[in-house]
Amino acid sequence: MATPQTSSSLFGLDALFDNPVFAGGIGLASLGAAAAFARRGAIVSLGAARRRLLVNVEISKQDPAYPWILAWLSQPRVATGFIASRITRIHNLSVTTRTTNSRVAGAEGPVNASFFLQPGYGRHVVKFGNAYIAVNREKHSTANMNTGEPHEIVQLTTLWAYRHTFEGIFAEAHTLAAKANEGKTVVYSARGMEWSPLGDSRKKRPLGSVILDVGVKESIVADVKDFLSRQQWYVDRGIPYRRGYLLYGPPGSGKSSFIQALAGELDFGVAMINLSEMGMTDDKLAYLLTKLPKRCLLLLEDADAAFVNRRHRDTDGYSGATVTFSGLLNALDGVAASEERIAFLTTNHIERLDPALIRPGRVDMMTRIGEATRYQAGHMWDRFYGDVDISSLGKEQFLRRLDELGLFGSNPDGTSSHRHTSTAAIQGLFLFNKSDMQGAIHMAEGLIPRNFEA
Ligand code: ADP
């Protein structure tokens, strides 16, 4: 009886499998396939495990925390308290050098420089508490359209079980950053379409070191403090929480110094824009004002530049790459970034400004910071020579000399004088004669402005 044939024997497959070479090949091939399958499986499950077991935090360069995290990562190993529990193992550091032009007077040599070490690009390992953190700092090939700088990120990875460590890291990085700026005023300037700190933070300037005429400083300081205490008042009435100040007067009268000192007093930074700067267009100004850094006084220098530009445009169709009058008003009226906005506008040419600027929220208070008065000259003397001129005899002599020179607006015979001097010039005279008050008195004639000589 015929036995039924299986399909393999039908097609002669049995014979094929009986061939040792063929069977060996099949065996090897299936082993390879199994290995590839296992590898894929391992990768997939590793990926899944990674996703389940690890946690990532990505900080981009645009985020304010980015420099804090870099500074935190480059902290030295030996430290006290909380930081002691952290061992950094970063061997690949990069350096950022900042130079300033403030040479010591007359000295040759390099400008001042400060060096800031930070983790280089690539992977690092850091231990914080009991957790190991993998750090990956990467530069991308795409660039930030606003600044032209390549995008950068720092990625921190740790085990899911240690995810709460990140809160500790960010808190510590923030505390470190705050400490680094303690007693300092951060000054921001516009870089491209973004605000960036202008050099290192400056030591806070004490308000007492800026000497304005009787009551001027006090009235502005009181107004700003009153404004800062009234946020709810503005909110309740639906009024934008903004206040503007216009400081005008000749150059060298202490306008910028006062704003800097006021920022220090309030523990604010200063966000500064020079309106006469080429490349500062209406759009750019409006955009920057919507992105003001928090807790900053906005300082718009040379406000008259916008009015000069209007005249140019009206007469010859010029609309160059500087701010126009309507651009300035729109920017001041536009959406504010932070909760409060305190703007200071300065100008040496009040006559060029337009009354439309004097509106609540644009300019609420106008103050002239003028030429040096007798009161200011006396106070500046005290600040420089108070400790050696105990009986104030030197001061009397100096002020009498300035009277003789007609530098306070009147001559000794009672007639009015058109001569004035600036507080900056007086400071210059005192600096030149640091430890020689008699020298300052003898050289007082140098305070006469050039156009009044002869
Ligand atoms: P402005 O902004 O009015 O042109 P600055 O504030 O830039 O003047 O002052 C120029 C320099 O003169 C600064 O170094 C500043 O310390 C000094 N100075 C000018 N006015 C005063 C003042 N009223 N009190 C103290 N320092 C002053």
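Please read these numbers as outputs of a predicted model, since none were measured by experiment. Counting starts at 1 for both ligands and their atoms, following the listed order. Reckoned from all heavy atoms, side chains included, excluding hydrogens, waters and symmetry mates.
- Salt bridge absent: R359 and D333 never bring a charged side-chain N and a carboxylate O closer than 4.0 Å.
- Aromatic ring centres of Y162 and F128: separated by at least 6.0 Å.
- Near L212, meaning under 4.0 Å from any of its heavy atoms, are these atoms of ligand 1: 23 (N).
- Which parts of ligand 1 touch I211 is read off a 4.0 Å heavy-atom cut-off, strictly below it: atoms 22 (C), 23 (N), 24 (N), 25 (C).
- Here atom 19 (C) of ligand 1 lies nearest to G252 when heavy atoms of G249, G252, S209, G208 are compared.
- At a threshold of 4.0 Å, the pair R295-D267 does not count as salt-bridged, since none of the basic side-chain nitrogens sits closer than that to a carboxylate oxygen.
- R242 and D364 are not joined by a salt bridge, as no carboxylate oxygen comes within less than 4.0 angstrom of a charged side-chain nitrogen.
- Among E301, R205, Q260, K217, the residue whose heavy atom lies nearest to atom 16 (O) of ligand 1 is R205.
- In summary, K225 and E265 engage in a salt bridge, as defined by a charged side-chain N under 4.0 Å from a carboxylate O.
- Nearest heavy-atom pair across L402 and A444 is CD1-CB, 3.9 Å.
- Nearest to atom 2 (O) of ligand 1 among the protein's heavy atoms is S256 OG, 2.7 Å.
- Residues satisfying the side-chain contact (heavy atoms from CB on, under 4.5 Å) test with H174, not counting sequence neighbours, are W68.
- The parts of K255 lying near ligand 1 are both backbone and side chain, judged by heavy-atom distances below 4.0 Å.
- Of all the atoms in ligand 1, the ones that sit under 4.0 Å from a non-hydrogen atom of P251 are 4 (O).
- If you check which protein heavy atom lies closest to atom 27 (C) of ligand 1, you get Q427 OE1, 4.1 Å.
- Residue nearest to atom 20 (N) of ligand 1, selected from V210, L431, T423, N348: T423 (by heavy-atom distance).
- Considering only non-hydrogen protein atoms, atom 8 (O) of ligand 1 sits nearest to G254 N, 3.2 Å.
- In terms of protein heavy atoms, atom 12 (O) of ligand 1 is closest to A424 CB, 3.3 Å.
- The protein atom (non-hydrogen) at minimum distance from atom 13 (C) of ligand 1 is S257 OG, 3.7 Å.
- Using a cut-off of 4.0 Å between Lys/Arg side-chain N and Asp/Glu carboxylate O, R401 and E445 are scored as salt-bridged.
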